[in-house]
S.K.: 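Pasting in a structure now, in structure tokens, and then I'll have a few things to ask.
First the proteins, then the strands, lettered A, B, ... as listed; each starts at 1.
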Amino acid sequence: MVMLMTATGLFRNGIQDWLYQRVSAVLILLYVLIGIGIAIKHPQLDYATWHAIFSHIAVKIMTLLVLLSIVVHAWIGIWTVTTDYLKCACVRLCVQVAVIVWLLALFMGGALIVGSV
Amino acid sequence: MSLKKQPVYLNLMKIRFPVTALCSILHRITGILIFLSTPLLLWGLNQSLKSPAHFDHLKETLHHPVMKVVIWLALSAFVYHAIAGIRHLVMDMGMAESIQSARKTAFATLVLSVLAALGLGVWLC
């Protein structure tokens, strides 16, 4: 049972989960605040400006870093919630694996999108 | 207090939620909502960067009333999740950890989020 519980967890212990949950949260929040700043600076945002922003290597790195943070944050969060509420081990494992696969796909997709700009 | 007088079942419909519990469960619900909105986010990012035509088409799509409701829900969920998250970070730093202050910050989280959701609604209209 314990083996099954930790098999889909991101890290092997709660302290690591706790720390990465918070570090990823702060990174995501900073990115969103910068995004709001850009939105305020460009009230009538056009394609050229938007494209130029995402052409910048720093923006690409930040975007990928935040996508990775979303993977980590959601993995830990959804794992915690499903471990609490999904009592059937089979259902829980299927949901958790599906969520992990989706999150990794999200990261790959985001990397392809940002990389193609 | 005698244990016998307490209900021995856990019926979610009959349990009265203290404000801290409400704050906590909403943190979880909004987290799931944000997770569910990730396909939309990725799709939007892709469309916005593909070409000027895709960019303009996306702008039009986002102005559709149904999309506006979806965006409002997702943004409100994010704002709530962020404020509740900051509350956790504050507690992690050893501040406002007593039950009285936890109730106050939970209440403040709810009030601030409702105000933010109203603001977002006005902005999106």
Side-chain angles (χ1 to χ4, degrees), chain A residues 18-19 21-26 28-33 35-36 39-40 43-55 59-60 63 66-67 70-71 73-85 95 98-100 102-103 105-117, chain B residues 10 12 21 24-63 71 74-94 116 119-120 123-124:
Chain A
W18 179 87
L19 180 67
Q21 187 79 318
R22 274 136 189 91
V23 172
S24 56
V26 171
I28 295 166
L29 191 61
L30 285 176
Y31 185 82
V32 169
L33 291 176
I36 292 172
I40 291 171
Q44 293 298 324
L45 190 69
D46 58 356
Y47 178 77
T49 316
W50 183 244
H51 194 268
I53 290 168
F54 274 91
S55 302
V59 176
K60 289 187 186 200
T63 305
V66 165
L67 276 172
I70 292 171
V71 173
H73 196 90
W75 189 328
I76 298 167
I78 301 274
W79 182 85
T80 309
V81 172
T82 49
T83 302
D84 277 353
Y85 302 128
V95 171
V99 167
I100 293 165
W102 163 252
L103 286 170
L106 177 87
F107 180 78
M108 308 297 175
L112 287 173
I113 294 168
V114 173
S116 69
V117 174
Chain B
L10 286 173
L12 286 176
S24 172
I25 195 73
L26 279 174
H27 202 178
R28 290 185 160 201
I29 293 169
T30 52
I32 292 166
L33 283 178
I34 297 163
F35 169 75
L36 293 177
S37 70
T38 53
L40 187 69
L41 196 69
L42 202 64
W43 170 79
L45 184 68
N46 192 29
Q47 294 297 108
S48 72
L49 290 166
K50 253 185 186 172
S51 74
H54 281 93
F55 183 87
D56 292 335
H57 187 247
L58 177 68
K59 255 187 169 176
E60 254 172 56
T61 312
L62 295 184
H63 278 95
I71 294 166
L75 289 181
S76 301
F78 185 87
V79 169
Y80 179 85
H81 201 83
I83 297 173
I86 291 167
R87 174 173 175 264
H88 269 298
L89 291 178
V90 168
M91 283 176 155
D92 288 341
M93 288 185 279
L120 281 168
W123 176 64
L124 283 167

S.K.: Counting a contact as any heavy-atom pair under 4.5 Å apart, which residues of residues 31-40 of chain B contact chain A?
M.R.: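 Result: B:Ile32, B:Phe35, B:Thr38, B:Pro39.
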
S.K.: Is it the backbone or the side chain of A:Leu103 that comes under 4.5 Å from a heavy atom of chain B, or both, or neither?
M.R.: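 For A:Leu103, the contact with chain B is made by the side chain alone.
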
S.K.: At what distance, to the nearest 0.5 angstrom, does CH2 of A:Trp18 lie from NE2 of B:His88?
M.R.: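 Output value for this atom pair is 11.5 Å.
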
S.K.: Could you tell me which residues satisfy side chain to side chain contact (heavy atoms under 4.5 Å, CB included) with B:Leu120, sequence neighbours excluded, listed by chain and number?
M.R.: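 Result, side chain to side chain contact (heavy atoms under 4.5 Å, CB included) vs B:Leu120: B:Trp72, B:Leu75, B:Ser76, B:Val79, B:Trp123.
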
S.K.: Measure the CG-OG1 distance between B:Leu45 and A:Thr63 for me, rounded to the nearest 0.5 Å.
M.R.: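 One gets 7.0 Å once the value is rounded to the nearest 0.5 Å.
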
S.K.: Would you please test B:Phe78 and A:Ile28 for side chain to side chain contact (heavy atoms under 4.5 Å, CB included) and show each step?
M.R.: CA-CA 11 Å; B:Phe78 185 87; A:Ile28 295 166; 4.2 Å; yes

S.K.: If you check every heavy atom in residues 48-58 of chain B against those of chain A, which residues fall under 4.5 Å?
M.R.: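 Interface residues of residues 48-58 of chain B: B:Ser48, B:Leu49, B:Lys50, B:Ser51, B:Pro52, B:Phe55.
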
S.K.: Heavy atoms only: give me the nearest A:Leu45-B:Lys59 pair and the separation to one decimal.
M.R.: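 Smallest heavy-atom distance, with atoms named: O-NZ, 2.9 Å.
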
S.K.: Name the region of B:Leu89, side chain, backbone, both or neither, that has any atom closer than 4.5 Å to a heavy atom of chain A.
M.R.: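 For B:Leu89, the side chain is the part near chain A, not the backbone.
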
S.K.: Among residues at least two apart in sequence or on other chains, which ones pass side chain to side chain contact (heavy atoms under 4.5 Å, CB included) with B:Leu41?
M.R.: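 Listed in chain order: nothing, the list is empty.
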
S.K.: Could you tell me the separation between the CG atom of B:Leu42 and the CZ atom of A:Phe107, rounded to the nearest 0.5 Å?
M.R.: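 Atom-to-atom, B:Leu42:CG and A:Phe107:CZ are 11.5 Å apart.
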
S.K.: In Å and rounded to the nearest 0.5 Å, what is the CD1 to CD distance from A:Ile113 to B:Gln47?
M.R.: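 That separation rounds to 9.0 Å.
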
S.K.: Which bit of A:Asp46 comes within less than 4.5 Å of chain B, counting heavy atoms only: side chain, backbone, both or neither?
M.R.: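 The answer is the backbone of A:Asp46.
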
S.K.: Checking heavy atoms, do the side chain of A:Ala25, its backbone, both or neither come under 4.5 Å from chain B?
M.R.: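 Looking at A:Ala25, nothing touches chain B.
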
S.K.: Quick check on A:Leu29 against chain B: is it the side chain, the backbone, both or neither that has a heavy atom closer than 4.5 Å?
M.R.: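 Contact with chain B is through the side chain of A:Leu29 alone.
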
S.K.: Just give me the residue among A:Thr80, A:Leu67, A:Ile70, A:Val99 that pairs up with chain B most often, heavy atom to heavy atom, under 4.5 Å.
M.R.: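 Greatest number of close heavy-atom pairs with chain B: A:Val99.
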
